[in-house]
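Everything numeric here is computed off the predicted structure, so don't read it as measured data. When reading the values below, keep in mind they use all heavy atoms of this one structure, side chains included, and skip hydrogens, waters and symmetry mates.
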Amino acid sequence: MKRKWKSALLVALAATMLFSGCAGKGGKNSAEVLVEDPNVTAPGELPIVKDRITLTVGVPSSNNIIDYETNAYTKFLEEKTGIDLEFVEIVNPDQKLKIQLAADDELPDLIFGVRFAPDVLVKYGKNGTGAIVDLGEYMDNYGYYLNDCLSNTVVENIEKRLTMEDGGRYFMPGLAEQTGNLYNGKAFINKKWLDKFNLEVPKTTEEFKNVMQKFVNEDPNGNGKKDEVGITGCVGGWNAVPWRFLVNSFIYDDFATQLIVDKDNKVSSILYTDEFKNALEYINSLYEDGLYDENAFTQDTAALKMQCSGEDEILGCIVASDIDSYFVNSPERMLDYVALPPLEGPDGVAYALKTDYEVVTNGIMTKYCKNKLAAFRLMDFMLSEEATLFSRFGVEGTDWRYATEEDRCVFESIGAKPRIVSMLTYGSVQNSNWEEKNPYFRPLSISDGMAWNGQPYDGEKFKGDALSAYYGKEFEGRLPYRMNTLEELEEQSFILSDIKQHITQECAKFVLGQRSLSEYDTFLKELDGLQYQKYIEIVQSGVDRASE
């Protein structure tokens, strides 16, 4: 039955402990195990329960999923497991759940598809309010498909990523091992205009400046107007900030922290280097020559879409990892662009942005769940290949099929082989899957094995073809995984609220010539006054703790 969740403030609720020294069947790592629920079958066995039970499941409301209640994936889960699911659709779940957790309101048994920050998990975990259940014992004793995930994933030290600083393991993961998601700092240059001027894709920062000068000053769109834009992007898009892309021709910028580590894992900030200052000087020269779009500092994604789809083609270079989303109204024009590889700067630097695989908090259990073992087993089953394929692609034979030798892989540019042909457009309105708003494990063979659907304007194939321009060009001293205490996370959050805004504002001023680079040392002193060094110390503590 589908219903709206009504918050009820509980006066008191005693947490029921399920742990015991009694022997049981257990999983692959059995030691001291949980008291068995006589209604629950052995790990990995289906159905999960002998007599049907009902679990309440909190899920984000979605315009793309017609009805969780009648969804094909829901029916698949209920049939396979013997568990009926009662859905609690949550609007604005990040905000709503924070309020409910803080108020100790009653919550659904399980919450899927919501990204909980580490500080939230710890604050409401075993040493906090206890609202979020520590799944550690369940994982050790009943993690049948979880063990397969941990054994076969390419993610290094994944166990640490599942463990918070307090030792709690509070979530079942959502993990997609897709290489394309790692290289997500891309730029695309207008190949149609390059061909008009008989130019090659630029390889260096100076070649890029020369190309942009032709684009902006020599009317490549042929409309007799000086309306061409050099390099642009937007705020709020996926890594769509042009100056950050260009900094990587001088020193590695991760688009987020501006922090790197040396071979001993010592953390430092690129903001204190001459290379970063030189990068700003170069980018300012682009702006002074009219080659860097000032609007990129203020326009949102909707405005960039309008630029991409206007009557006349006006954009020379676009920084955006998901460029296809900006050409939704004129997809044919997207094919005028090709990937711009990292540009080689004056010192030979040319880095591609690479991030780590994201292990998402896609499934948590709350203290209100009375059938905890069955609930955990449901989440564990979701990590199976069968359930993972269903949750991402829908019904086999209708929404997707296995690839054949005739199919081409989306990621063939990096040597991947096709495995899955999706016939249901991801992100479309449907009632076949949950769009992975649940625990799942999608390994490389599936994630990189998506086949091209044959559509000429398919955005995934376009980005897949671009991947070879960045693959293998990453910086080795990227900031590694960190494990901070709750107190450190809270202090870091407080400091960052001022630091991030200041860095963004002042770097924009340097680029736009509103602040002279002769004041750069003053800018660094301002950062120190905002406790920037303390922030670096907190990050260092997290790096050290995670490497122990």
What pair of heavy atoms forms the shortest contact from [X] to [Y], and how long is it?
X	Y	answer
Pro341	Tyr470	CA-CE2, 4.1 Å
Ala240	Tyr326	CB-OH, 4.4 Å
Leu512	Asn284	C-ND2, 4.1 Å
Thr205	Pro346	OG1-CD, 4.1 Å
Phe441	Glu177	CE1-OE2, 3.4 Å
Pro202	Leu343	O-CD2, 3.6 Å

Return yes if a side-chain donor-acceptor contact under 3.5 Å exists between [X] and [Y], otherwise no.
X	Y	answer
Gln299	Gln307	yes
Asn433	Ser391	no
Glu406	Thr404	yes
Asn239	Ser321	no

- request: Determine, stepwise, if the pair Tyr520 / Phe276 fulfils side-chain contact (heavy atoms from CB on, under 4.5 Å).
  value: CA-CA 11 Å; Tyr520 195 78; Phe276 185 81; 3.0 Å; yes
- prompt: Partners of Val360 by side-chain contact (heavy atoms from CB on, under 4.5 Å), sequence neighbours excluded?
  reply: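 Here the qualifying residues are Arg115, Glu358, Asn362.
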query: Stepwise, does the side-chain hydrogen bond (donor to acceptor under 3.5 Å, both in side chains) test hold for Asn217 with Lys226?
result: CA-CA 7 Å; Asn217 297 316; Lys226 191 173 171 53; 2.6 Å; yes
Is there side-chain contact between [X] and [Y], with at least one heavy-atom pair below 4.5 Å?
X	Y	value
Asp465	Phe411	no
Val349	Ile251	no
Ile158	Leu175	yes
Asn453	Glu460	no
Ile538	Ser541	no
Ser268	Ile260	yes
Leu286	Met212	no
Leu517	Phe523	no

- prompt: Cationic tip of Lys437 within the cone over Phe112's six-membered ring, i.e. under 6.0 Å and within 45° of the normal?
  reply: no
Heavy-atom neighbours of [X] [atom1] exceed 12 at 6.0 Å:
X	atom1	result
Asp312	CG	yes
Tyr272	OH	yes
Asp528	CG	yes

Salt bridge present between [X] and [Y] (N-O < 4.0 angstrom):
X	Y	value
Asp195	Lys191	yes
Arg515	Glu519	yes
Arg161	Asp356	yes
Arg401	Glu396	no
Glu476	Lys354	no

If we ignore hydrogens and angles and just use 3.5 Å, is the side chain of [X] paired with the main-chain N or O of [Y] as donor and acceptor?
X	Y	answer
Asn198	Leu194	no
Ser497	Phe494	yes
Glu491	Leu489	no
Asp448	Thr179	yes
Lys196	Pro220	yes
Ser493	Glu490	no

task: Kindly determine whether Glu288 and Val511 satisfy side-chain contact (heavy atoms from CB on, under 4.5 Å), including the steps that lead there.
output: CA-CA 9 Å; Glu288 293 296 331; Val511 170; over 6 Å; no
query: What is the distance from atom CG of Leu467 to atom CD1 of Ile414, rounded to the nearest 0.5 Å?
result: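 Interatomic distance, Leu467 CG to Ile414 CD1, rounded to 0.5 Å: 4.5 Å.
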task: Show your reasoning for whether side-chain hydrogen bond (donor to acceptor under 3.5 Å, both in side chains) applies to Asn223 and Asp227.
output: CA-CA 9 Å; Asn223 66 358; Asp227 56 355; 2.6 Å; yes
- prompt: Less than 6.0 Å separating the ring centroids of Phe171 and Phe116?
  reply: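 Centroid separation for Phe171 and Phe116: 6.0 Å or greater.
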- prompt: Between Tyr252 and Phe475, is the gap from one ring center to the other below 6.0 Å?
  reply: yes
Would you please classify the geometry between the [Y] ring and the [X] ring as parallel, tilted or perpendicular, with 30° and 60° separating the classes?
X	Y	answer
Phe250	Tyr282	tilted
Tyr337	Phe327	tilted
Trp434	Tyr68	perpendicular

message: Assess the residue pair Glu436 and Arg442 against the criterion (salt bridge (charged side-chain N to carboxylate O under 4.0 Å, His left out)); give the C-alpha distance rounded to whole Å, side-chain angles, the decisive distance to 0.1 Å, and a yes or no.
response: CA-CA 10 Å; Glu436 294 184 325; Arg442 184 151 49 91; 2.8 Å; yes
message: Exactly one of Leu424, Ile446, Val421, Thr398 should register a side-chain contact (heavy atoms from CB on, under 4.5 Å) with Phe393. Which one does?
response: Ile446
message: With side-chain contact (heavy atoms from CB on, under 4.5 Å) as the criterion, how do Phe208 and Ile231 come out once you've worked through the C-alpha distance, each side chain's angles and the decisive distance to 0.1 Å?
response: CA-CA 10 Å; Phe208 179 75; Ile231 183 170; 3.9 Å; yes
- request: Decide yes or no on salt bridge (charged side-chain N to carboxylate O under 4.0 Å, His left out) for Asp322 and Lys463, but give the supporting numbers first.
  value: CA-CA 8 Å; Asp322 56 342; Lys463 290 180 291 188; over 6 Å; no
message: Checking Asn64 against Glu435 for the side-chain hydrogen bond (donor to acceptor under 3.5 Å, both in side chains) test, could you report, in this order, the C-alpha distance in whole Å, the side-chain angles of both residues, the deciding distance, and whether it holds?
response: CA-CA 9 Å; Asn64 295 334; Glu435 295 186 322; 3.3 Å; yes
message: Go through it in stages, so that I can follow the logic: the residues are Cys409 and Lys417, the test is side-chain contact (heavy atoms from CB on, under 4.5 Å), and I'd like the CA-CA distance, side-chain angles, deciding distance and then a yes or no.
response: CA-CA 6 Å; Cys409 187; Lys417 303 299 182 183; 5.8 Å; no
- request: Check the pair Phe297 / Tyr292 against ring pair (Phe, Tyr, Trp, His ring centres under 6.0 Å), numbers first and verdict last.
  value: CA-CA 10 Å; Phe297 286 104; Tyr292 190 108; 5.6 Å; yes
query: What do the steps show when you test Glu313 against Asn190 for side-chain hydrogen bond (donor to acceptor under 3.5 Å, both in side chains), and what is the final call?
result: CA-CA 10 Å; Glu313 192 165 8; Asn190 196 315; 3.2 Å; yes
